[in-house]
Structures are given as structure tokens and as C-alpha cells.
Asks: 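Have a look at this one.
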Amino acid sequence: MELYDHKKIEPKWQKTWEKSGLYHAKETKKPKKYVLIEFPYPSGEGLHMGHLRPFIAGDVYSRFNRLSGFETLYPIGWDAFGLPAENYAIKNKVHPSISTAKNIANAKRQLMSWGTSFDWSREINTTDPEYYKWTQWLFLQFYKKGLAYEATGLINWCPKDKTGLANEEVVDGCCERCGTPVEKKELRQWYLKITDYAEKLLEGLKTLNWPEPVKIQQENWIGKSEGAEIEFEIEGSNSKIKVFTTRPDTLFGATYMVLAPEHPLVEQITTEQQKGMVEKYVNETKNKSELQRSALEKEKTGVFTGAFAINPATKEKIPVWIADYVLGNYGTGAIMAVPAHDERDMEFAKKYKLPIKTVINEQGKLIDSAQYNDLDWQEAKKKITKDFGTSKVQYKLRDWVFSRQRYWGEPIPLIHCDKCGIVAVPDDQLPVKLPDVKDYEPTGTGESPLAAIDSWVNVKCPNCDGAAKRETNTMPQWAGSSWYWLRYTDPTNDKKFADKKKLKYWTPVDVYFGGMEHTTLHLLYSRFWNLFLYDQKLVTTKEAYARRVPHGIVLASDGEKMSKSRGNVVNPDVIVDQYGADTLRMYELFLGPHDTSVSWNDQGIMGVKRFLDKVWRYNQVFEAGEENKEIHKLIKKISTDIEQFKFNTAIAAFMEFLNENKQLSQANWESFLILLAPFAPHITEELWHQLKHKDSIHEQAWPKFDEKQVVNNTSTIVIQVLGKIRATLEFPLHATQEEVKEKAMQDENVKKYLEGKEIIKEIFVKDRLINFVVK
RNA sequence: GCCUAGGUGGCGGAACUGGCAUACGCAUGGGACUUAAAAUCCCAGGCCCGCAAGGGAUUGAGGGUUCAACUCCCUCCCUAGGCACCA
């Protein structure tokens, strides 16, 4: 008997499928399914086990839907702009487009070798000018609606390398490459006004079929809070300090104020005497990250400015401090501190011996608050807001820094003209192509390497024809991924980013597989783009992704993250070579539940390999037996498990079925193979053809089950005495309490525990158990 | 620090809406086949006591609710993801 030779059979079918265009999606009369995975970044190391998880899950789901009669779109592309390619270019003087093309070819080979059913006819690449033309065009729509604006912002700055650094390149506050302590540098930046969409982003969440934790995390990230803005006068100054507070009802308990060190009033109000200390403190915090500032919870620090404000309620003089636990970019950058009712304020007040005044009692009623005494705090919140301030809704969400001082990104398609100001590049001049450069080295000024290319920078103003300069910032990597699923519906259109009819057929994405780590950034950013485009009537659905299926990361066998430096990376190529793609696919799914992180370990892979060998042998010696009702249970189990993305238990069910059913009818066996086809597409296709079929197994109809065949006709009932199991007995389905009790009483072991006891209570759960409570 | 999730045999994991904890797989032990090995097939145990029948304990730790808790509640410990320039 011939053994299953994956090295021969798998590539054979991969070629056949590619040639026949089996997985190409078309706009048809059939109902559609749009299955999406987060498109990969083509790194030099190739795809790893982490990519396998969502890609195979998406593949199984897509194949299942095709078999179930849906026109199914499962597209793929490359999110290819980004930091590693640029850093590689600096080091090795290789143009990023060359290293990227090489990496894409390798990753594509890997994806093919896994037997994935991507529609390669729709492949896209964010670094392709035909693609980023539309990324630029879409950016201009934001710009034209006033949702893109310029402002200064702080970047990480390495004073030795004279270059800006990404957060990832900063290790323990120092430059990753040279170890120099990183400073902050103020630079001109472009922002997208995502905060304008805070409310819509929140509203939309309610309509989505997403896991609750993902929704909650986005909700908390947006961080809506309702409160009041209150102004405090400064003694001996015309300026006022404006604060935002969610608890205006505690105004009478505000015993001091705190400004963020970067607050614009700091310089103005600091007294001569305190000046030295304040400046020192401001400089120290400048180079702390926000994380450090809020993490150093235990050691809160601050300095007194020497100035006093007037509490508008009590008219008392209260000191104004600065402290880095107040952040400049949240609220107004200043707080009224109420130590009695806020933990952080309390800690700070204790440390610096500031007064603490309780204004709300245990029943939630106001005390020591003049005419508001005895009011419930919620009632008081309304009244005090009205009397001393204005009500205000505040979000934690901040506007999105949309520029990078780097080469390998989409140029921002704007032109600076002395006469006309900022002018958008006209549509017919898009794309603004990235020029070829010889040097990727940083300019030393913090500007993008593009700024050094005079021939590219100097242009005529599209408005007045006068001398003008191009914007030299590029977009962040997020840009290309903020709309890519729309392009898949119409990837070669050169008139529009996508045809509306095609958008209408395919969108929204039905299921989006992706990592938990993308919850608050990519997932929120791309929802924002879609909501905006919907308002511009450019797309046909409000929300981009109807359903989100997060997955856990694949850890190494030591439970740590796979990484080159730890030397624990498992290369999928090796597994494909040794065991075959079908084994790799099934083992990866069998490792554990889709949404939790799993540890890869090579040992268990033999179990799956043995199972597939068993399937192979079963087919070789196949002799038709009798119809078996067990297949109905299996069809139901596999169908519901795939729909719930419980792939590991589906595979267990396949194994159990084959262990227990040594004989099957021809029809039952063929059903089994079709059920298995989404998981192990190669071996099932081969066996299907061995059974003398001419067409592909992946074009068959998903088997149906008969609900009547699924139910058992007996039930195993557990007999408990005082909650402890003393026997398990078989009964016909739906046995009554009397029947169960009667038989249970005859059981020797049960008798032993009932002897001499009085039954004071019986709990009976139909077809499950009976519990005798005795005294 | 803040937001989100998780902790079950030697290992990966299963368990409906509170109702037989440990399905399935790995590893382990025994047996069959074989000159032998591999492959394959069959069986077993899982922590403690017992030859066995059986009994007891057990789902990160401690407490609570319940006839009944992996599941619900409280406190604590540990791990993972995110924290806005990695994507």
C-alpha cells in the first residue's frame, strides 16, 4: 500500500488550483461572504508561526463558506511601507523597493506552500504607486474637509545620531543603536482629527458583532467622560486656569491646583523665588515618557509655583503646583485637586503636606459645602456645574499624528506656497511618487530624507505657478492599512479607489481575523476612515467590519514570545517540508482555542500526522459498510464548531469519529472527506480523486444533517447522595423522577449511602442527574 | 500605574445556561505483529490509600453563595496583550 507522500501530492494540487483559478471571487447572484485577515508586513525573516494562526483560521472559514454556497472573497496583499525596510536600506544601501520585492516573493511562496485559498488575482501592495495614489487621494479628502491639520508635536530625538526615533527604537529611555539618552524634540506634524469622530466611533460599536472585551477596550480607549469646565482666577494676574473635572460636586474640597509641566501658564505665573526649581522640574519631565509619568505612581513628584488661585466656591486662596502626574494633552492640562476624594491627589497632598477637606459623606451627600449641603452628589454635580462652570464632554482619545520624518512611506500630497499657503496636489497629478534616493541617512535636522532632494522638493504652485515646495513628511504605515479592504473589492481600478457597485456587493467585511494587539490602533483608525468615507458618500456601509475574531499569539515551547534573540523561533517551512502542509495546518489549529495564546511544541505534531495517515489508509482499504447515524452528529459538530471558530474541538471530533467508526457507507465516507476538506485541503482532494471523482472536492456541497438522527435514545443519569456521585445508570430518554429513583434505590452502592438516613430533599434534572439530600 | 484577557494531570488542552472534571492528542507502561527495528493495532494508569471492589483529594491561593462551583461573588498572587512613531 502506498503511503501518503505530501512532498508529491501537495504541490501537485497547489498548482492545479492556481491554474484553474478555483479561489477567484466574482460578483455573482449568490450571497457573498467577505473574509479578511490582516495583511502581512513582508519582513526579511519571512512569515512565522504567528501568521499561520489567523491565515489558516481564515482559510478554513473561507473554504467552509464556499462549500456552503457563498461567493467567498478571501484576499491577500502586502502592508509593505515601514521602518525595518528603511533601516535595512540605511545599513546595506539596498533600495527598500528591492528588499521589499524580495521579501514579498518569499512570503508568497510560503503562503502557497500552506495551501491557502487566497484570491491572488486581487493581490495588492501598499508601496505600489497605483495603490498609494489612492491612499494620497483619500488623505486629501480628509484635508479638504478640514480633518487634517498642522501643529507641533514632540518626537523622540537621538542627539548623537541626529534622528527621530520610533517608540520601539527607544530602549529604557536610550537610543537602541547608540545607547545615547533620548530627548524630546518639537517638530511640525500633520494630524488627523479622529476626535471629531469620537462619538460616532462609540455609537458604531453598539451595532457590531464583536467580542465584548474588544469593544470595551476600544470604548475605554476613546474614554468618554462627562463633567464640567471650571475657571479659577489667579491671584495678582489676569490669566485664569481652566480645569476639566468629572466631579464638579467636590469643588468645595479643592485645596490646591496642579498644572502639567508643559502647561502654557507655568512660565507666566511662577514666582521669582520658585523659578529655579520649577525650570529644573520641567526639564526633568520633558524627557520622561507618558508611561513613566503615570507608572511612577508610588513616587509622585511636583513643585510649588509660588502662585495662588482662588477657589471660586470657597473664595479661599489655594496653592498652584506643577506635577507630572497631570498630563498636558488630556483635558485642559490642569486639575483642581480634591485630595479627600481622589486617590492620586490624596497621595500628593500627604507627601507635600497640603490640606485635605472632605466634602462628601458616606451616604454620598455633600457636607461643608455651603448651600449645597445635604444634596445628593449627583444632584450637586448638576447645580455646581451650572453655578460655577459649563458642562463638558471629554475624551481620552487624541488626534492622530499622521506624519513621519522618514523616507519609506507615502509622500503627503501637499505643496507649500508662500503666496497661496498650503495647496493640495491636484487629482490628475497623483500619485506623488517617492523619488529614488541614494542616501537614506537622516538629514540631521529631524526632517525626512526627502527634504534633501532639491529637485523633488522644489515645484511650481498648482495655484499660482510660483515657486513652491513639496511637503516632505510621509504618512505612517497605518495609512495604507486604513482602507485596504476597500481596494480588494476593485484592485485594478484606475478611475476610483473602488467602484461603488463592487463595494456594495462585497462590503462590509463579514469576518475580520486579527490580533488582539491591534484592538485600539489599526482597528480604530480604519473604522474612523470608513466612517468618514461613509459621510462623504464614498463607501456604502457605516462600519467596516461586521464581525471581529481575535486570536492569541503563538508562543515558543518555553512559553516565551518567539524571537530571533531568544533563538526559539520555529520556521513553518521546516514543518511543511517534514510533515506537510495539511499536518501543519491541522496541528496549528489543534494546539488550542483560537482566541488564547498557545505554545508551539513539536512533540504533539505526530498525533495529527497519525490521524491523517489513518484517513489515508482508511481510503486505501475502503469497503462500503452500512449507513451510520453518527455522521449526522459529526456534521453538526463540525459545522457549529467552525461557525464559532472552535477549530481545536472540531479536530478532536474528527479523531474521535474515526476511532469509533470502523465501517462507513460510501456516502458517509465522502461526507467525512468534505467535512475535512477545509482543514486538510490537499489530502482530501487526492482521496476524492482516488474515489473516481473528476471535479474538485472544494466545489462540492457541504453535507447536511438530520436533527432527528443527532439525538441519543438513552441518557446516562448520575445518582448523587449529598452531592457525591455514587452511581451512573442508563435510562431511556426522558425518564421520570419516579423511574430514576426506583432504579437508583436498587443500586448496591447507593443503598449503602442511604441506609439509616432520611431523605429530606431530592433534586432531579431530567436526563442528567438525581441528588438525594439526606440527614 | 491604567485598560483587556488568562491560570485545569508529566505536557497541549476539553467541559452546555451552575449538574459525571480531565474529551481529543502528546508522553509513559503493558501486550499483539516482526528474526529485529520502524510503522501499525489493542489495553492500562493518571495525585493519595487499596491486590481488588472501592474510597478520598483535586481546576493559581484563601474565603463565600448553593443540594451541587472549573463555571457565580469577594480578597490576594502570577502570566500575556495594549498604552498612541513596531505593525
Asks: Is the glycosidic torsion of B:G9 within 90° of 0, making it syn, or is it anti?
Replies: syn

Asks: Counting any heavy atom closer than 4.0 Å, what does A:Phe590 reach on the DNA or RNA strands: base, sugar-phosphate only, or nothing?
Replies: base

Asks: Please measure how far the C1' atom in B:G18 lies from the corresponding atom in B:G82, and state the result in whole Å.
Replies: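 Nearest-Å result for B:G18 against B:G82 at atom C1': 33 Å.
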
Asks: Mind checking if A:Thr519 touches a base, just sugar-phosphate, or nothing, with heavy atoms under 4.0 Å?
Replies: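 It contacts nothing in the nucleic acid.
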
Asks: Would the A:Tyr131 and A:Trp483 ring centres measure less than 6.0 Å apart?
Replies: yes

Asks: What nucleotide among B:U4, B:A15, B:G55 has an atom nearest to a side-chain atom of A:Lys646?
Replies: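 The closest nucleotide is B:A15.
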
Asks: Classify the nucleic acid contact of A:Ile763 as base, sugar-phosphate or nothing, counting any heavy atom under 4.0 Å across all strands shown.
Replies: base

Asks: Can you say whether the rings of A:Phe348 and A:Tyr325 are parallel (under 30°), tilted (30 to 60°) or perpendicular (over 60°)?
Replies: tilted

Asks: Should B:G18 form a Watson-Crick or G-U wobble pair with both distances under 3.5 Å, which nucleotide is its partner?
Replies: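 Answer to the pairing question: none, since B:G18 forms no Watson-Crick or G-U pair.
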
Asks: Between B:A14 atom P and A:Ile651 atom CD1, what is the distance in whole Å?
Replies: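 In whole Å, B:A14 P and A:Ile651 CD1 are 12 Å from each other.
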
Asks: Would you say A:Arg610 reaches B:C26's phosphate, i.e. side-chain N/O to OP1/OP2 under 4.0 Å?
Replies: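 For B:C26, OP1 or OP2 has a side-chain N or O of A:Arg610 closer than 4.0 Å.
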
Asks: When the P atoms of B:U22 and B:G56 are compared, how many Å lie between them, rounded to an integer?
Replies: 16 Å

Asks: Give the rounded distance in Å between these two atoms: CD of A:Gln620 and P of B:U40.
Replies: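 Rounding to the nearest Å, CD of A:Gln620 and P of B:U40 are 15 Å apart.
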
Asks: Establish, with yes or no, whether the OP1 or OP2 oxygen of B:A39 is under 4.0 angstrom from a side-chain nitrogen or oxygen of A:Lys614.
Replies: no

Asks: May I ask you to evaluate whether A:Asn659 reaches the phosphate of B:G25, defined as a side-chain N or O under 4.0 Å from OP1 or OP2?
Replies: yes

Asks: Contact class for A:Thr596 vs. all strands (heavy atom < 4.0 Å): base, sugar-phosphate, or nothing?
Replies: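 No contact.
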
Asks: When the ring planes of A:Phe81 and A:Trp408 are compared, do they come out parallel, tilted or perpendicular, using 30° and 60° as the limits?
Replies: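 The arrangement is perpendicular - the two ring planes meet at more than 60°.
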
Asks: Within the 4.0 Å heavy-atom criterion, would you say A:Pro593 contacts the bases, only the backbone, or no part of the nucleic acid?
Replies: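 Counting heavy atoms under 4.0 Å across all strands, the contact made by A:Pro593 is with sugar-phosphate only.
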
Asks: Starting from P on B:C2, measure out to CD on A:Gln218 and report it in whole angstrom.
Replies: 22 Å

Asks: Just call it for A:Glu762: base, sugar-phosphate, or nothing, with non-hydrogen atoms closer than 4.0 Å on any strand.
Replies: nothing

Asks: What's the spacing between A:Asn661 CG and A:Asn659 CG if we round to 0.5 Å?
Replies: 9.5 Å

Asks: Looking at A:Lys724, I'd like to know whether one of its side-chain N or O atoms comes within less than 4.0 Å of OP1 or OP2 on B:A21.
Replies: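 So the side chain of A:Lys724 is outside the cut-off, no N or O lying under 4.0 Å from OP1 or OP2 of B:A21.
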
Asks: When we call it a touch if two heavy atoms are under 4.0 Å apart, what does A:Gln189 touch: a base, just sugar-phosphate, or nothing?
Replies: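 Base, at least one base heavy atom under 4.0 Å.
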
Asks: Which part of the nucleic acid, if any, lies within reach of A:Leu521 when heavy atoms closer than 4.0 Å are counted: base, sugar-phosphate only, or nothing?
Replies: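 Here A:Leu521 touches the bases of the nucleic acid.
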
Asks: If we call it a pair only when both distances are under 3.5 Å in a Watson-Crick or G-U wobble match, what pairs with B:U59?
Replies: none

Asks: Suppose we call two aromatic rings close when their centres sit under 6.0 Å apart. Are A:Phe513 and A:Phe645 close by that rule?
Replies: yes

Asks: Answer with base, sugar-phosphate or nothing: what part of the nucleic acid does A:Leu397 contact at a heavy-atom distance below 4.0 Å?
Replies: base

Asks: Over all strands shown, is A:Pro476 touching base, sugar-phosphate only, or nothing at heavy-atom distances under 4.0 angstrom?
Replies: nothing

Asks: Between A:Asn220 and B:U4, does any side-chain N or O lie under 4.0 Å from OP1 or OP2?
Replies: yes

Asks: Give A:Leu769 one of three labels, base, sugar-phosphate or nothing, depending on what nucleic acid heavy atoms sit under 4.0 Å from its own.
Replies: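 Here A:Leu769 touches the bases of the nucleic acid.
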
Asks: Below the 4.0 Å mark, does B:A14 have OP1 or OP2 next to a side-chain nitrogen or oxygen of A:Asn648?
Replies: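 Yes, because at least one side-chain N or O of A:Asn648 sits under 4.0 Å from OP1 or OP2 of B:A14.
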
Asks: If you look at every strand shown and take non-hydrogen atoms under 4.0 Å, does A:Val773 touch a base, only sugar-phosphate, or nothing?
Replies: sugar-phosphate

Asks: Which part of the nucleic acid does A:Glu517 contact within heavy-atom distance under 4.0 Å: base, sugar-phosphate only, or nothing?
Replies: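 Contact class for A:Glu517: base.
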
Asks: May I ask you to verify if any side-chain N or O of A:Tyr525 is less than 4.0 angstrom from the OP1 or OP2 atom of B:A84?
Replies: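 So the side-chain polar atoms of A:Tyr525 never come under 4.0 Å of the phosphate oxygens OP1 or OP2 of B:A84.
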
Asks: With a cut-off of less than 4.0 Å, is there a side-chain N or O of A:Arg726 near OP1 or OP2 of B:G56?
Replies: yes

Asks: Could you check which nucleotide pairs with B:C26 in any of the strands shown, counting Watson-Crick or G-U wobble with both distances under 3.5 Å?
Replies: B:G10

Asks: For A:Phe731, does the six-membered ring have the charged nitrogen or CZ of A:Lys743 within the cation-pi criterion, i.e. under 6.0 angstrom from the centroid and within 45° of the normal?
Replies: yes

Asks: In the structure shown, which nucleotide is the Watson-Crick or G-U wobble counterpart of B:U35, with both distances under 3.5 Å?
Replies: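 No nucleotide pairs with B:U35.
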
Asks: Considering just the side-chain nitrogens and oxygens of A:Asn771, establish if one lies under 4.0 Å of OP1 or OP2 belonging to B:U66.
Replies: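 A:Asn771 to B:U66 OP1/OP2: no side-chain N or O under 4.0 Å.
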
Asks: Could you check whether A:Tyr753 gets within reach of a base, just the sugar-phosphate, or nothing at all, counting any heavy atom under 4.0 Å?
Replies: sugar-phosphate

Asks: Could you give the CZ-to-C1' distance, from A:Arg527 to B:A84, as a whole number of Å?
Replies: 17 Å

Asks: Looking at B:C83, B:C3, B:C11, which one has an atom nearest to any side-chain atom of A:Asn601?
Replies: B:C11

Asks: Round to a whole Å and report the spacing from CG of A:Asp767 to P of B:C16.
Replies: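 For the pair A:Asp767 CG and B:C16 P, the rounded distance is 18 Å.
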
Asks: Out of B:C24, B:C83, B:U40, which has the shortest distance to the side chain of A:Arg617?
Replies: B:U40

Asks: Would you mind telling me which of A:Phe139, A:Phe142, A:Trp485 makes a ring-ring contact (aromatic ring centres under 6.0 Å, His included) with A:Trp529?
Replies: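 Single ring-ring contact (aromatic ring centres under 6.0 Å, His included) partner of A:Trp529 among A:Phe139, A:Phe142, A:Trp485: A:Phe142.
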
Asks: Is the distance between the ring centroids of A:Tyr191 and A:Phe402 under 6.0 Å?
Replies: no

Asks: If pairing requires Watson-Crick or G-U wobble contacts with both distances under 3.5 Å, which nucleotide is the partner of B:C83?
Replies: B:G1

